[in-house]
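Because only heavy atoms are used, hydrogens play no part in the values below, and waters and symmetry mates are left out as well, while side chains stay in. In what follows, chains carry the letters A, B, and so on, assigned in the order in which the sequence lines appear, proteins first and then strands, with residues in each chain numbered from 1.
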Amino acid sequence: MDEQQAQEKQSTLEQILAQRREKIARIREMGFEPYPYAFDVSHKSREITDHYEALEGKSVAVAGRLMTIRRMGKASFAHLQDAGGRIQLYVSRNDIGEKTYEMFMLLDIGDIVGVRGVVMKTRTGEITVKVDALTLLSKNIRPLPIVKEKDGVVYDAFADKELRYRHRYLDLIVNPEIKDVFIKRSAIIRATRDFFDSRGYLEVETPILQPLYGGANARPFITHHNSLNTDLFLRIADELYLKRLIVGGFDRVYEFSRNFRNEGMDRNHNPEFTAIEFYQAYVDYYYMMDLVEHYFRHIAETLGSPLIEYQGESIDFSKPFARRTMAELFHEYLGIDLGKADETLFAAWAREHHFEYDPKWNYGQFLDKLFDEFIEPKLLQPTFVLDYPKAISPLAKVRRDGDPRFVERFELFICAAEYVNAFSELNDPLDQRERLEGQDRLRALGDDEAQMLDEDFIRAIETGMPPTGGVGIGLDRVIMLFTGQSTIKDVLLFPAMRPEKLS
RNA sequence: GGGUGUGUAGCUCAGCCGGUAGAGCAGCGGCCUUUUAAGCCGUUGGUCGAAGGUUCGAUUCCUUCCACACUCACCA
């Protein structure tokens, strides 16, 4: 009595969990093992639906998760979902026997089963496995969100983004189409690796735990090594290590670099993200521009078409990318002559155009802000932007001709977002030291995103680095572009979230 | 960090001007051997995100907090 009353007070979830534990016990009592060790699969559901003519009347063995169950007394229909799709099962007591059918009646949506049976079509024409043997492979005790579908219309979709990201396994089960993004992600990574391997690049791995961080301007995550009793940083970039390898004599290296930046999160930023950086000796940024263009073309072609649609913009990767210098763009969009511009002129322009600015901004910061505000939004078709201010590019070589306030650096913009950052790498050790010392001074003045002075890196450059072209590509953004996603969370299986509070 | 919005059953959602809650699905008990958002009969399940306040009375109004989404800023 008391027990019954206690049970009555349980929430539905608690009831379901208790009922399913009870079912496990009953299944065991009936002589079935709810968690066996293996099952011989002969076909994927997709193979059966794709090759029905060849398989009709043949016996197959498939395994997967029960996603629908429609019981009608002594016979039932169900859908079984495996990695590639779904197939209907017809389960009748006559075919599988009374005892197994009794066990089947205890199964729930979410259970994993293996079945053997004959491929057929029902009278409504759906390809179906007429089951003659059914094995429970894993009993579910926690209910799945139930999604119904008719004629392609989904009812009660599992669409809460928080739940989807936090419980990605549920998302993948219930919304299997999102698997496609991650399958494509894998294809892009493979195509990237092929691209560099086939060009004689060596894939390398460099430290993620770094005693000093560098290669980008960003705040790091800090951790501690106990036996060395020293703080270490999770890398914000692998640039300085890859350059050491160029010094060491590897003349083409690349790395898929998981980077960590302790900064804000939004649709384009996750605290950990993947970049691909690559360095090639004896070439400059013009060479790297061509290579990057080939890279994007290669990815597009690998995925099937040079034409893509992203955020309402059609992009044709078979066409050459535009190449515009900063100076041209400033002249065109803002009417500013960068050759004559200085802080005073920028400030005057900003006042005239009611653009809010900080009087403390230097030349480089002004240029950066104005670019972000007035030029970047216009760069929809793939456009290389060339020649950035030296002040904000401490690792790039000064332009070989023209204004020494600019460096040989390019970024690639597509659909108003940045995808690539590249330099003719600075290999003059005296200049490099001077620039990093300048960064160090900025740090001392409170700019916690200024780069650190890494003496060993300077030593490496002093040892002699050949002329080198170097590139970093934001791989997650590339994947967003080619999978049509507008949020980085949707191309990361487990995007960063505030830890769940379990009460 | 700012703005906007959301938070009610396992899932998807209603709930008006304040009177302590509803539906569908899922679950549970039945019936049902070609169904497919299966159907039919019956039925369990809620500290209405949290804490305060106003009130005779708060899911509803107010305040604060928490979480998430969108967005702006910051940031490559």
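Taking only side-chain nitrogens and oxygens, A/K161 comes nearer than 4.0 Å to OP1 or OP2 of B/rC70. Look at A/K369 and you'll find a side-chain N or O under 4.0 angstrom from OP1 or OP2 of B/rC75. For the pair A/T12 and B/rG10, the criterion of a side-chain N or O lying under 4.0 Å from OP1 or OP2 is met. An OP1 or OP2 oxygen of B/rC68 is reached within less than 4.0 angstrom by a side-chain nitrogen or oxygen of A/R166. Taking only side-chain nitrogens and oxygens, A/K130 never comes nearer than 4.0 Å to OP1 or OP2 of B/rU34.
Nucleotide B/rC68 has B/rG5 as its partner under the Watson-Crick or G-U criteria, with both atom distances under 3.5 Å. Figure legend. B/rC48 is base-paired to no nucleotide; pairs are counted as Watson-Crick or G-U wobble with both atom distances under 3.5 Å.
If you take CZ of A/R71 and P of B/rG27, they are 7 Å apart, rounded to a whole angstrom.
The residue A/D160 sits close only to the backbone: its heavy atoms come under 4.0 Å of sugar-phosphate atoms, none of a base. Within 4.0 Å (heavy atoms only), A/R261 reaches sugar-phosphate atoms of the nucleic acid but no base atom.
To the nearest whole angstrom, the two C1' atoms, one in B/rG19 and one in B/rA23, are 22 Å apart. Rounded to the nearest Å, the gap between the C1' atom of B/rG49 and that of B/rC41 is 37 Å. As rounded to the nearest Å, B/rG18 and B/rC48 have C1' atoms that lie 15 Å from one another. A gap of 28 Å separates the C1' atoms of B/rA58 and B/rU44, to the nearest Å.
Side-chain atoms of A/D266 come within 3.5 Å of backbone atoms of A/N268 as a donor-acceptor pair (strictly under, hydrogens ignored).
Nearest nucleotide to the side chain of A/R123, out of B/rC28, B/rU34, B/rA69: B/rU34.
A salt bridge is defined here as a Lys NZ or Arg NE, NH1 or NH2 lying under 4.0 Å from an Asp or Glu carboxylate O, and A/E293 with A/R323 meets this definition.
By the 6.0 Å and 45° rule, A/R244 stacks over the aromatic ring of A/Y241.
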